[in-house]
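Beneath this line is the structure, given in structure tokens, with notes to follow.
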2 protein chains.
Amino acid sequence: MTKRAPKSIVKRLPIYLRVLDGLISREVEIVSSRVLSEETGFTAEQIRKDFAYFGAFGTRGTGYNTEYLRSKLLRIIGLDRQTKLVVVGAGLLGKALTRYNMLKNPYVDVAGIFDANPAEAGSEIGSLKIRPMKDMPAVIKEQQVKVAMISVPAESAQQVVNDLVDNGITAILNFAPTKLKVPQNIHVHNADLTNELQSLIYYVIEDKEELRSNSK
Amino acid sequence: MTKRAPKSIVKRLPIYLRVLDGLISREVEIVSSRVLSEETGFTAEQIRKDFAYFGAFGTRGTGYNTEYLRSKLLRIIGLDRQTKLVVVGAGLLGKALTRYNMLKNPYVDVAGIFDANPAEAGSEIGSLKIRPMKDMPAVIKEQQVKVAMISVPAESAQQVVNDLVDNGITAILNFAPTKLKVPQNIHVHNADLTNELQSLIYYVIEDKEELRSNSK
DNA sequence: CATTGTGAACGGATTCACAGCC
DNA sequence: GGCTGTGAATCCGTTCACAATG
């Protein structure tokens, strides 16, 4: 409810968190904004402004206590409690996302993965069974899941999202290449990998010089 | 070389392209900025400014010719010729990315997928064989590939990137959860799915109201 | 007369410069 | 002395309002 930080800051929070996790695992206890700057690529001033936005976490003349800063960031992002999520769409991408989060993301807990194709249902990812779509509402409601990732074909994405929202999902990470319509208070992050790749291609250097030097 | 459009615009170009592809397949010949606004979620003024940045493509009083606009955008992004790319890392994510692009992305051509694990080498994605890392330099050089996607563990990502750059790659889509160091003229887009998910979680609505109304 | 193209106004985010503090 | 915290200045992207035009 009191959540209203600028998007630009929110985007950077998980990056700080990752760097801090690294520092802490190497038993670094204090870190300066300049070191964080080197690790993240953001400017030191920006980093200080970001932290200061949520209150002052550092000690002048010294820096930031890594453990303390981490605990603050976890609280701010909302990762201080395990977050449950469901995955809809058990194609290769859905499976990859599910397994990755089960193994590597300690902050989340995959409550279920669902697929419209009954042939997929029953096969397993780690210890998690892929379940038919009809089981989805019960899982979301019983476990009060708020977050969903969807990796279904573009054609079915809107219908899936409608169902998710009807059952109580409020935040969606969308891998389907389509614009979703949702009520105002529901958050959608688009992670369209084709768009990412295409906008990257804009920056490709064609480099005639190099071609010339090849044929030396 | 003359490529210097604002990042904010470049990010939107693939989205326009996708919408245009849809309109063209439904044989729509003319489109206004207002209709594009509905389809994309961007404002009509912004869309006009974006196109105008590259020159005037529309007709006042009428709108934009869909075919013409599409051809312009393809040229601008650099998708008017097939773009070759390599994928490094043939885990579930690498396989998913490879297969998706082979099947669904007509603008690119996967020249090869490579994995450090010899056990993976030889297995196939569609008609494409996963190859050992040592074959990577030859493929990049012979086919003059400039674009790479990497989906390897964070620990090996920097080494992989160094090799890619040494062999002529200039643009990298990075799925590994780590900050990569590259020379100034090399472009890296980070597509860290954990970051996306975590920043989404910031926006989750905890909704005490709803909990209360459940227990009616 | 509907719709594009664009200078001007606005707003948000970043950078600068330095005051405050350990 | 070194590093954080922050008001002021700047930069960049978006929105507004309207002139231009098929």
Side-chain angles (χ1 to χ4, degrees), chain A residues 3-16 19-20 23 28-73 76 179 190 195 199 202-203, chain B residues 3-16 19-20 23 28-73 76 179 190 195 199 202-203:
Chain A
K3 291 187 168 186
R4 251 343 46 161
K7 284 199 254 301
S8 53
I9 297 183
V10 174
K11 238 179 19 200
R12 288 188 289 266
L13 297 178
I15 299 171
Y16 298 136
V19 171
L20 284 171
L23 292 170
V28 177
E29 287 178 11
I30 300 288
V31 68
S32 68
S33 56
R34 196 164 54 70
V35 170
L36 287 174
S37 171
E38 285 157 19
E39 298 284 331
T40 60
F42 310 136
T43 67
E45 301 89 314
Q46 184 163 62
I47 292 168
R48 294 201 299 275
K49 269 251 156 88
D50 284 353
F51 298 159
Y53 176 88
F54 300 103
F57 299 158
T59 314
R60 293 175 198 228
T62 310
Y64 300 89
N65 179 292
T66 51
E67 281 283 5
Y68 180 70
L69 182 54
R70 174 172 177 277
S71 74
K72 284 291 189 183
L73 292 180
I76 291 165
K179 170 94 192 155
N190 290 301
N195 287 350
S199 60
Y202 177 85
Y203 295 101
Chain B
K3 291 187 167 184
R4 244 4 25 172
K7 284 198 253 298
S8 54
I9 297 183
V10 174
K11 239 180 15 200
R12 289 189 288 268
L13 297 178
I15 299 170
Y16 298 135
V19 170
L20 283 171
L23 292 170
V28 178
E29 287 177 12
I30 300 288
V31 68
S32 69
S33 56
R34 195 164 56 69
V35 171
L36 287 174
S37 170
E38 285 156 19
E39 298 284 331
T40 60
F42 311 135
T43 67
E45 302 88 314
Q46 184 164 62
I47 292 169
R48 296 202 296 277
K49 270 252 157 91
D50 283 354
F51 297 159
Y53 177 87
F54 300 104
F57 300 157
T59 315
R60 291 175 198 229
T62 308
Y64 298 89
N65 178 294
T66 50
E67 282 281 6
Y68 180 69
L69 182 55
R70 175 172 176 277
S71 75
K72 283 289 190 184
L73 292 180
I76 290 164
K179 171 94 192 151
N190 290 301
N195 287 349
S199 60
Y202 177 85
Y203 295 102

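The structure presented is a predicted model; accordingly, all values stated were derived computationally and were not measured. All chains are named by letter (A, B, ...) in the order of the sequence lines, taking the proteins before the strands, and each is independently numbered beginning at 1.
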Think A/Y64 has a side-chain N or O under 4.0 angstrom from the OP1 or OP2 of C/dC22? no
A/Q46 CD to D/dC11 P, in whole Å, measures 16 Å
Check the pair B/E38 / B/R34 against salt bridge (Lys or Arg N to Asp or Glu O under 4.0 Å), numbers first and verdict last. CA-CA 6 Å; B/E38 285 156 19; B/R34 195 164 56 69; 3.2 Å; yes
Just verifying a value: how many Å separate B/F51 CZ and B/I9 CD1, rounded to the nearest 0.5 Å? 10.5 Å
Drop me the distance from A/Y53's OH to A/I76's CD1, to the nearest 0.5 angstrom. 10.0 Å
Tell me, yes or no, whether the heavy-atom count around A/E29 atom CD, taken from other residues, nucleotides or ligands under 6.0 Å, exceeds 12. no
Rounding to a whole Å, what distance do you find between B/L36:CG and C/dT4:C1'? 12 Å
Side chains of B/F42 and B/R12, heavy atoms from C-beta outward: is any pair under 4.5 Å? yes
Protein-to-nucleotide contact annotation, 5' to 3' order, nucleotides 16-22 of chain D [B base; S sugar-phosphate only; - none; under 4.0 Å, heavy atom]: BB-BBBB
Distance check needed: C/dA13 C1' versus A/F42 CZ, whole Å only. 13 Å
Using a strict heavy-atom distance below 4.0 Å, which residues from residues 6-14 of chain A are in contact with DNA chain C? A/P6, A/S8, A/R12
When you measure from the side chain of A/S33 to the backbone of A/I47, do you find a donor-acceptor pair of N or O atoms at a distance under 3.5 Å? no
What is the separation between atom CZ on B/F54 and atom C1' on C/dG5, rounded to the nearest whole Å? 15 Å
Check the distance between C/dT6's P and B/F51's CZ and give it to me in whole angstrom. 14 Å
Rounded to the nearest Å, what distance is computed from the CD1 atom of residue A/I47 to the P atom of nucleotide C/dA13? 17 Å
Rounded at 0.5 Å granularity, tell me how far CD in A/Q46 sits from OG in A/S8. 7.5 Å
How many angstroms lie between atom CG of B/L73 and atom CD1 of B/I15, to the nearest 0.5 angstrom? 12.0 Å
Testing the basics here: between A/Y202 and B/R4, what is the closest heavy-atom pair and its distance to 0.1 Å? OH-N, 3.8 Å
May I ask you to evaluate whether B/T43 reaches the phosphate of D/dT15, defined as a side-chain N or O under 4.0 Å from OP1 or OP2? yes
Give the rounded distance in Å between these two atoms: CZ of A/F57 and P of D/dG5. 9 Å
